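Presented below is the structure to which this report refers.
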Amino acid sequence: MTPFRRVAMLGIGLINGSLAKVMRREGLAGEIVAAARREETRARALELHLCDRAEADPAEAVRGADLVVLGVPPAAVGPVAAAMRPGLAPDAIVTDVSSIKAQVVRDVVPHLPTPGLFVPGHPVAGTEHSGPDAAFDTLFVRRRCILTPIEDTDPAAVERVKALWERAGSLVDIMTPEHHDRVLAITSHLPHLIAYTIVGTVADLEEQARTEVFKYAAGGFTDFTRIAASDPTMWRDVLLGNREAVLEMLGRFTEDLVALQRAIRWGDGQTLFDLFTRTRAIRRGVIQAGQAYVRQPQANGENG
Ligand SMILES: NC(=O)c1ccc[n+]([C@@H]2O[C@H](COP(=O)([O-])OP(=O)(O)OC[C@H]3O[C@@H](n4cnc5c(N)ncnc54)[C@H](O)[C@@H]3O)[C@@H](O)[C@H]2O)c1
Ligand SMILES: O=C(O)C(=O)C[C@]1(C(=O)O)C=C[C@@H](O)C=C1
């Protein structure tokens, strides 16, 4: 894969910072220019060598870039795309890393001189931490990255972005933005919503009843608190931006929860046991699917 001459990272937090580290390590960018609104973020990105130059104005950051990566919270992607427009070259490839795809496509495409060079993307890898200090170059290793090209997207642009994520260690899948949003609603968005809810419920209980629940919080609850510590801006944007699919999955989940409530009320142990047996097998299947990927690239020589 030929390296990019100049890469503009619009937003330089956990995801774009981690991708910048990969690009440095793999020699994939002649120069990296970051854009961030806050002086403090720009200074920190420079200190951490995530970029060679940092700009406040997205249009200045993208000037002369042959790759632009939009790495800001989902609702900010459209406004940042509009702001970069005056500096964007018509032959630059534009991609993004947002957790939702249909809304991002709608928000970004109208601002692009060459919509066919937009390759929407989503690395399905993250942590509960944010900002440039949270970045690390192994974040994407053995994780999926989903690209959601649209009808007009140039296949050569898709190939270049795909190759970039493969160099980061990811396995790249291609699907439509709408399919992406339905799948991620259940595998990522709903689990976050549930974690925020349960931690909120426990916090209210502790406050109202002056209980000691936090003191005795065990593994299960602690796992939820990690997820519920994720960035509030990002998750507000994700849940509102993918509201249709999230509400559909939430409806199904609520029905299943009520069925379990009934089983507990009626002492129906068989229903509980059958479900928990099924979910235990699913956990094992998920782990095996992850391991299958670890072996696959070596066998096919895809990921070298
Ligand atoms: N955090 C995760 O686990 C994760 C995983 C995969 C994808 N993503 C997606 O990646 C994108 C970035 O997330 P992150 O975790 O790197 O966030 P982050 O908070 O670590 O970094 C976001 C960057 O955007 C800048 N920014 C914030 N609001 C802005 C605005 N209104 N205008 C311009 N710049 C703004 C911040 O200064 C920062 O540089 C999001 O779209 C998110 O959906 C996140
Ligand atoms: O491990 C975590 O902290 C995550 O939640 C990462 C996670 C996910 O749900 O899997 C969160 C949001 C992203 O868009 C991609 C990955």
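All values below come from the heavy atoms of this structure, side chains included, with hydrogens, waters and symmetry mates left out. As the structure lists them, so they are numbered: ligands from 1, and atoms in each ligand from 1. Note that the coordinates shown come from a computational prediction; the quantities given were computed from them, not determined experimentally.
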Within ligand 1, which atoms have a heavy atom of Gly71 less than 4.0 Å away? 12 (C), 22 (C), 23 (C), 24 (O)

Lys/Arg-Asp/Glu bridge criterion (N-O < 4.0 Å) met for Glu31, Arg5: no

For ligand 1, indicate whether the residue Thr127 contacts it via side chain, backbone, both or neither (heavy-atom separation under 4.0 Å). backbone

Phe273 atom CZ, neighbour heavy-atom count above 12 within 6.0 Å: no

Starting from atom 8 (N) of ligand 1, what is the nearest protein heavy atom, named by residue and atom, and what distance separates them? Ser99 OG, 3.5 Å

May I ask you to list the atoms of ligand 1 that are less than 4.0 angstrom from any heavy atom of Val80? 32 (N), 33 (C)

Atoms of ligand 1 under 4.0 Å from any heavy atom of Gly131, numbered from 1 in the order shown, are 18 (P), 20 (O)

Check for me, please, whether Phe140 and Leu50 land in the same ILVMFWY cluster - side-chain distances under 4.5 Å, paths through other members count. yes

Measure from the side-chain N and O atoms of Thr201 to the backbone N and O of Thr197, and report whether any donor-acceptor pair falls under 3.5 Å. yes

Ligand-side contact atoms (ligand 2) for residue partner Ser99, heavy atom cut-off under 4.0 Å: 13 (C), 14 (O)

Can a salt bridge be assigned to the pair Arg25 and Asp137 using a cut-off of 4.0 Å between side-chain N and carboxylate O? yes

With no hydrogens and no angle check, is any side-chain donor or acceptor of Thr41 less than 3.5 Å from a backbone partner on Ala36? no

Provide, to 0.1 Å, the distance between atom 15 (O) of ligand 1 and the closest protein heavy atom, together with that atom's residue and name. Leu14 CB, 3.8 Å

Record the part of Pro74 in heavy-atom contact with ligand 1 below 4.0 Å; permitted values are side chain, backbone, both and neither. both

Looking at ligand 1, does any of its N/O atoms fall within less than 3.5 Å of an N/O of Ala125? no

I would like to know whether Glu39 and Arg42 meet salt bridge (charged side-chain N to carboxylate O under 4.0 Å, His left out); could you show each step before the answer? CA-CA 5 Å; Glu39 164 60 31; Arg42 294 195 295 275; 3.1 Å; yes

Polar contact flag for Trp235 and ligand 2 (N/O pairs, less than 3.5 Å): no

Show me which atoms of ligand 2 lie under 4.0 Å from any heavy atom of Ala125. 15 (C), 16 (C)

For the 3.5 Å polar cut-off, considering only N or O atoms, please tell me whether Arg226 and ligand 2 meet it. yes

Find the distance between CG (Leu164) and SG (Cys145) and round it off to the nearest 0.5 Å. 8.5 Å

Quick one: nearest non-hydrogen protein atom to atom 27 (C) of ligand 1, plus distance? Pro73 CD, 3.3 Å

Please confirm whether Thr41 comes within less than 3.5 Å of ligand 1 when only nitrogen or oxygen atoms on both sides are compared. no

Can you confirm, on distance only, whether ligand 1 has an N/O atom lying under 3.5 Å from any N/O atom belonging to Pro123? no

Using the side-chain contact (heavy atoms from CB on, under 4.5 Å) definition, which of the options Val94, Leu10, Asp57 pairs with Val62? Leu10

So if I count the atoms of ligand 1 from 1 in the order they appear, which ones are less than 4.0 Å from some heavy atom of Ser130? 19 (O), 20 (O)

Nearest atoms (heavy-atom pairs only) where Asp237 meets Ala75: OD2-N, 3.0 Å

Atom indices of ligand 1, in the order listed, that fall short of 4.0 Å to a heavy atom of Gly11: 23 (C), 24 (O), 39 (O)

Looking only at distances, can you tell me whether any N or O atom of Met234, backbone or side chain, sits closer than 3.5 Å to an N or O atom of ligand 1? no

Plane angle bin for Trp235 and His192 - parallel if under 30°, tilted between 30 and 60°, otherwise perpendicular: parallel

Can you tell me which residue and heavy atom of the protein come closest to atom 7 (C) of ligand 2, and the distance to 0.1 Å? Ser188 OG, 4.3 Å

Thr271 (side chain) donor-acceptor with Ala263 (main chain) under 3.5 angstrom: no

Quick one: nearest non-hydrogen protein atom to atom 28 (N) of ligand 1, plus distance? Arg37 NH2, 3.1 Å

Going from NZ on Lys101 to CE on Met175, what distance comes out if it is rounded to the nearest 0.5 angstrom? 11.5 Å

Considering Val72, Val97, Leu10, which one's heavy-atom position lies nearest to atom 41 (O) of ligand 1? Val72

Can any side-chain N or O of Arg167 pair as donor or acceptor with the backbone N or O of Glu26 at less than 3.5 Å? yes

Ligand 1 to Gly13, heavy atom cutoff 4.0 Å, flagged ligand atoms 16 (O), 18 (P), 20 (O), 21 (O), 39 (O)

Is Arg143 in polar range of ligand 2, meaning some N or O pair under 3.5 Å apart? no

Return yes or no for this condition: an N or O of His192 is under 3.5 Å from an N or O of ligand 2. yes

Taking only heavy atoms of Thr127 into account, list the atoms of ligand 2 that are under 4.0 Å away from them. 3 (O)

Distance to 0.1 Å, residue and atom name: give those for the protein heavy atom nearest to atom 39 (O) of ligand 1. Ile12 N, 2.9 Å

Look only at interatomic distance and state if Ile15 has a nitrogen or oxygen under 3.5 Å from any nitrogen or oxygen of ligand 1. yes

If you measure from NE2 on His122 to OG on Ser98, what distance do you get to the nearest 0.5 Å? 7.5 Å

Residues pairing under salt bridge (charged side-chain N to carboxylate O under 4.0 Å, His left out) where one sits in residues 108-133, two or more places apart or in two chains, turn out to be Arg44-Asp133, Glu128-Arg226

Ligand-residue contact atoms, ligand 2 with His122, heavy atoms, under 4.0 Å: 13 (C), 14 (O), 15 (C)

